[in-house]
Structures are given as C-alpha cells and as structure tokens.
A.B. asks: 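Take a look at this one; I'll ask things after.
Chain letters run A, B, ... following the sequence lines, proteins first and then strands; every chain starts at 1. Note that these values count all heavy atoms, side chains included, but never hydrogens, waters or copies made by symmetry.
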Amino acid sequence: MAHEPFESRTYEIEVLTPTIIGGQDKIQSFEFVKDGDYLYFINFDRLLEENLFKESFIDELSRGLSTGGRDFNIKDVLARYNIDFKNSSKYKLKLEGVKRLSKEVVPFVKSAGRFYIPGSSLKGAIRSFVTKALNRNFIQLYENDLSSAYQKTLNSADRRNSVDPKYVSKDAEEKIFATPYESPFKHLKISDSDFVSSENAGVYEIKVMNICGGQVKWFAGRSNEDDPDRAVSIIAEGIKPGAKLIGSIKIEKDFVEGNQVVRGIKEKIGVNATATSPTEFLADVLKAVSKDYIQREINFYTRYKQAQIVSEYQKLLNVLNSLDKNQFLIQIGFSTGYLSKTVGIFFNKNHFEKLAKVDRQSKIYPELFPKTRRLVFKNGQVWTVPGWIKVTIK
Amino acid sequence: MDVILKGKYIIKCKIKAVTGLHIGEGNNSIEIGGIDNSVVKDAEGKPYIPGSSLKGKMRALMEFAEGKVKDNLLIVSVKRSGKPEICIHMCEDIDCPVCGLFGRNHGKHVTKEEFIRNPNAEGKDFSDAVIPTRLIVRDAKLIESSITDEMKENLDLEWTEVKFENNIDRITSKANPRQSERVPAGAQFLAEFVVNRYEVDGSDDGQRYLSKFIKAMKLLEDDYLGGQGSRGNGKVKFVDIEIVYKDSSDYEKDSSDLKPIAKADSLDQLKLSTN
C-alpha cells in the first residue's frame, strides 16, 4: 500500500460577500444598545457584578427582563443609573448600512465569544455542492426518494405517518455516500478556522425578495410590498467581505479515488473534472457546480431586472474564472437559500408538486420554486447575496 | 528473552486545543436539561484528556504510518455477528515499532486475513515477542488558567461550550439540529508520557522508540483527537515540550537534578541530542 501523505494542508477562506453562520439563540433587543454606527452587546454578568449594590437598578432590570424585553429600553435604564454601556459590553459591531433595526439579531456562531467558521459548516457546504455535481443516475436516486415520500404521504390518511421532511433524502444519501463508516467524506477532514476579531464582523440587514405575479415584491409579514423600505428586515451578525480565516484541511486520495471499503467521489461525478491531485479534483468539481449555480441565478435575477444582483454575481463569475487550480468558490451559511443546500436545482414543476405534498409547512409554488431570495441591503438599497467565500488550499 | 530496563525518557508538555475538543464520555448519564453529547470529565467536573484516548489515537496513526494496516498484519480485536468489527495491528516481529512502543498482548490472535478465510481459526500466540510495553501515557489534566476569565464569561457551562450543528435534507432543505459539548479552542492540558528504554537480548533501544514516539506526536498534530474531527474539532498542538532522560542508575541517587535532553516550544523546533 502506498503511504498517503499524512500532512494536512492549510485552507484560507476569503469572505467575498457578507457571510453569516447562525449561532444559537437570537440576541434580543434588551441585549444590545445602538450608539451611532455601532451595536454594543451587553455583558450581563459584568453589568450585574459591577452594579450589584444598586438595588433599584437590579429591580428595574429584572422587571424589564421578566416582561420579555417588550417596552423595555435598556439604554434608557442604563443612562438613568449613570452606567456606561460601553464598559459593560462584550463586543461592539459596526452596523453595515443597516437602516432599520429589528427586535432581534441573528447571532454569528462563536467559540467562547470569538468569531470563527466551523469546519462542519465548510464541510457541509462542500458536501452540498459535491452532491450537485453527481451524475444523472445518482440525482435520479433523490428523485426516487421524493416520489416515494410523495406516495407514502398520499397513502397515509394520518399525517403523523407521512415521511418526516427532515429525512426524505436518507435512502439516496446512504446509497450514494454510504454509512458514515464507509463514506468517502471520512477522507475529507476540515478543521474549524482560527478566530477573527469583531472588527472583521458587522451587522447586516437582509430582506426577502418575493416574485409575485412575475413582479419583484418585498416580504413584509402578512403582505408583500413594492417598496423595500416597508419590508421586514432580518438583522444578522456576519463576517465582512475581505476578512480572511485559516484552518487545516486534508483531502485524502481515497476521498477521490476510493479504496476497498469506500467508493471515491470520482466515479460518481457527472461534471467535467480532470485534475489528478485530490485538491485540484475537488476544486474542479466545486468550480463547475458554482459556475452553473451562479449562471442560473444570473438568469433568474436578469428575468426580474435586479441589475445590482446580476452585477454582483457577474463579479463572482469573474473571480471564479480567474481562480488557480487550488481555489474554488462556495456559498455557505444562513440565508443562502434552498438551491444552495439541496439538489433542487435539478427539479422541475413535477418534482415541486410532489415536494409541496411532502413538505406541508413550506409554501411551495410548483410553477416557480424557490420564488424568494434573501438579499443583503445597504443604506436601504439592494446590495448583494450572502455567503460567498473563496477558498484557497495551500 | 532477557529484558533490562536501561532508563526512562519522560516527555512533559502541554497539549493545546487549537480547535474545540470533544472527547465523549459515552453518554451514560441522563440528566434533565443535560447535553446530549457530553465530554469526559474528572472527579472535579473538569474536562481532561484520558491517556487511553491519546494512546489509542497515536497507535492507530502509527499503524497507518508504518504500513501495518494490511489484512495479514491486523488482528481481529472485536468481532460481531461473524464479522471482524474492530481490527488493530499486532504481530510477533520483535522489532515492530508499533508493537514495541504501544505493546502487544498475551493470548491467541487471529489475523483479519485468517478470519476472512475461516471465522473459527484458532489464531497464534505472540507471547514469545511480548515484553513490557514501552509507552506509558498519563491522563492530561486541564490547565485551568488556559480558559481565561474572558472566555469563561462566554461559555455555556463552567469549562465547556455547547456547539450546535445541523444536518440538512438535500431534498426539502429542512434542518435537523443536534448539539454537543466541547472544550473551547485555546484550552491547554498538562501531559506526561514515559518511553521506557530497554536492552533486549543484548540489544539496546537507544533513542529508537523515543524517535518513534515523537513521530506519533507529529502525526497527531496533523490529524485530530476525540470526536467529530473530520468536521472541525480536535486539532491539537504540543507546546512547551521538555524531555528528560533518567538512567536506571539515576534512580539510586538521592536527588534528581537532571537536565532535559531536549526542550522546545513546539515539535518543529524539537531536536534530540544524539548521546
């Protein structure tokens, strides 16, 4: 047996568009204070510790918090007690052209308070994109799973007996990539990234674009509005474009070629990838998928006259076309949408009719699905799409 | 076989968790509101790295690096329903670096190759090659100060954090969340290893097994320790390394003011002196 190189290599992520990896619980309005262009996130442990003897403050604070934070403005309370929120905050983030704050902020994943990109997110995104590169026979397995879930749903009078939408693709996944013990993804190892400072992160405003009757509208709760100013804003912590994060990665030969136990991804891939080194092979596959995906999105946004997003995607396409052999683009994280995470890119009206029956919770319009997109706004204008990163393997 | 203990190499260092570290405790505790997938902790409730986890992982890596992962060189350690479920390398080669460092057992062993041919094969005794295991790995205790006050303010539990992950269905895009506990990146543990130096039938080990052990440390740095390592966790680095050699005669002296034979901030700076 030829020895595989044991050494791991370094990956570098360069964030191209605001990237949000959702953390745990939402940050509520009483947990942050807006001051100028910044949000300060309160450290309650420190705040309480330092003001423990101000009884009426503690009372007021607990009264406010027990009402769930509604009608409670922590900034005013702190000002009344002459407490500087800047001394009692964990970190501050710049508001990146946020026009309207909402009641809660989607937190970025953190380790002991520090921003990073989890290896699981990058690996998950790579798996998602590799899945989109499978050859036709394997994509057919997902279609079969969808049909069988659809049949089961039709046949079961009781909803509880229908297929759980969380596990519809389970059989296909197992047929293609086998059990975790025998999966080629065992041979792809990606560490968490290092940490970036909060200066490399910011707060972003996201709105939901919805296509209604062939026209662009903006989701505003019960209605869809023509004017994006009236639309609902999702506020999220994200890493800024330009930030760089590094970690280690090992793409073993068996991931691509396979061995006695594992069948490698090479024999399953339907896109054109010719490189012989594992890194370059994976980069080839991911580039092909991203290119196709970006092109489809450009067509979508062109159809609905979203010139700004078309130009953003065009920029990504230019980056993609100038990449080296050891580089690829990929979209990761929160708000990146149905197409980025599934094989739905290959589905047509018939598939979505079935999906609508299988997944009753989501609104699925078979004629056009997905008909919404989440876009990052800046100063009230459409700006860009979230989650695109450039990965270099050194 | 004549075996004489010539001395002991004592390797003291710190193990730094470069990324979050999850060494599972086996989920045998069920607490209301507890974490699904908790990490192993000592009697004081602090996470630690069991010697068995370190030694097992290093052995496995060495088996691959020394080219011992072949059906005729693996023995069946655990079988289930007529299949070899867990195989490890063990052999009768007296000079085998893996068995020599990590140890071999008494009793009969069936190779994977034999097992596939005949699941009832009797196997072979390697007793003629059995000598006391050279490598001893201590449990590595958490260095409390490595989890700073600032980190502690942001931790979900006293010493650890809870990480959430999702599986996403590739047809419906529905997320299926799970959580697991881990020691945060930056945490350090105090580790100690002992490599015994023997003279076997007149042949002195010298620094052979110490060098092999350092190789295993390097392999581990490029791999991961604990669970969920292929998706982020368990990248570790050995830092502040100090190697002391104690000759067997040193144990008869009153005090041991021995000077380290090697000292380095990290493995890539470590150089062994040849004497």
A.B. asks: Using non-hydrogen atoms only, which part of B:Lys163 is less than 4.5 Å away from chain A: side chain, backbone, both, or neither?
C.D. replies: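 Looking at B:Lys163, just its side chain touches chain A.
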A.B. asks: Please look at B:Asn166 and chain A and tell me whether the side chain, the backbone, both or neither of the residue comes under 4.5 angstrom of a heavy atom of that chain.
C.D. replies: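 Contact with chain A: none, neither part.
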A.B. asks: Measuring heavy-atom distances to chain B, does A:Glu143 have an atom under 4.5 Å in its side chain, in its backbone, in both, or in neither?
C.D. replies: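 Nothing of A:Glu143, per the 4.5 Å heavy-atom cut-off to chain B.
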A.B. asks: Non-hydrogen atoms of chain B under 4.5 Å away: do they reach the side chain of A:Phe195, the backbone, both or neither?
C.D. replies: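 A:Phe195 touches chain B through side-chain heavy atoms alone.
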A.B. asks: At a 4.5 Å cut-off on heavy atoms, which part of A:Lys123 comes close to chain B: side chain, backbone, both, or neither?
C.D. replies: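 Side chain only.
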A.B. asks: For A:Arg114, is it the side chain, the backbone, both, or neither that has a heavy atom closer than 4.5 Å to a heavy atom of chain B?
C.D. replies: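 For A:Arg114, the contact with chain B is made by the side chain alone.
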A.B. asks: Pick one of side chain, backbone, both or neither for A:Lys110, based on which atoms fall under 4.5 Å of a heavy atom in chain B.
C.D. replies: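 Only the backbone of A:Lys110 comes within 4.5 Å of chain B.
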A.B. asks: Determine whether a donor-acceptor pair (N or O, by modelled atom type, separation under 3.5 Å) exists between the side chain of A:Ser193 and the backbone of A:Gly247.
C.D. replies: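 Side chain of A:Ser193 to backbone of A:Gly247, a donor-acceptor pair under 3.5 Å: no, none is there.
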A.B. asks: Quick one: sort the A:Tyr91 and A:Phe41 rings into parallel, tilted or perpendicular, breaks at 30° and 60°.
C.D. replies: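 Rings of A:Tyr91 and A:Phe41: parallel, as their planes differ by under 30°.
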A.B. asks: For B:Ile168, which atoms come within 4.5 Å of any heavy atom of chain A: side chain, backbone, both, or neither?
C.D. replies: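 B:Ile168 touches chain A through side-chain heavy atoms alone.
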A.B. asks: Counting only non-hydrogen atoms closer than 4.5 Å, does A:Ile190 touch chain B with its backbone (N, CA, C, O), its side chain (CB onward), both, or neither?
C.D. replies: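 Contact with chain B involves both backbone and side-chain atoms of A:Ile190.
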A.B. asks: Tell me whether A:Lys186 forms a cation-pi arrangement with A:Phe177, defined as NZ or CZ under 6.0 Å from the six-membered ring centre and within 45 degrees of its axis.
C.D. replies: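 No; the conditions do not both hold, so A:Lys186 does not lie above the ring face of A:Phe177.
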A.B. asks: Where does the angle between the aromatic ring planes of B:Phe193 and B:Phe213 fall among parallel (under 30°), tilted (30 to 60°) and perpendicular (over 60°)?
C.D. replies: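 Aromatic pair B:Phe193/B:Phe213 classed tilted.
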A.B. asks: Would you mind checking which part of A:Ser340 comes under 4.5 Å of any heavy atom in chain B, side chain (CB onward), backbone (N, CA, C, O), both or neither?
C.D. replies: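 Looking at A:Ser340, nothing touches chain B.
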A.B. asks: Sort out for me which of A:Ser128, A:Ser169, A:Gly119 touches chain B most, counting heavy-atom pairs under 4.5 Å.
C.D. replies: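 Top count of heavy-atom pairs under 4.5 Å with chain B: A:Ser169.
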A.B. asks: With only heavy atoms counted, which part of B:Glu153 is less than 4.5 Å from chain A, the side chain, the backbone, both or neither?
C.D. replies: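 Looking at B:Glu153, backbone and side chain both touch chain A.
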A.B. asks: Between the side chains of B:Thr160 and B:Glu181, does any donor sit under 3.5 Å from an acceptor?
C.D. replies: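 Distance-only check passes for B:Thr160 and B:Glu181.
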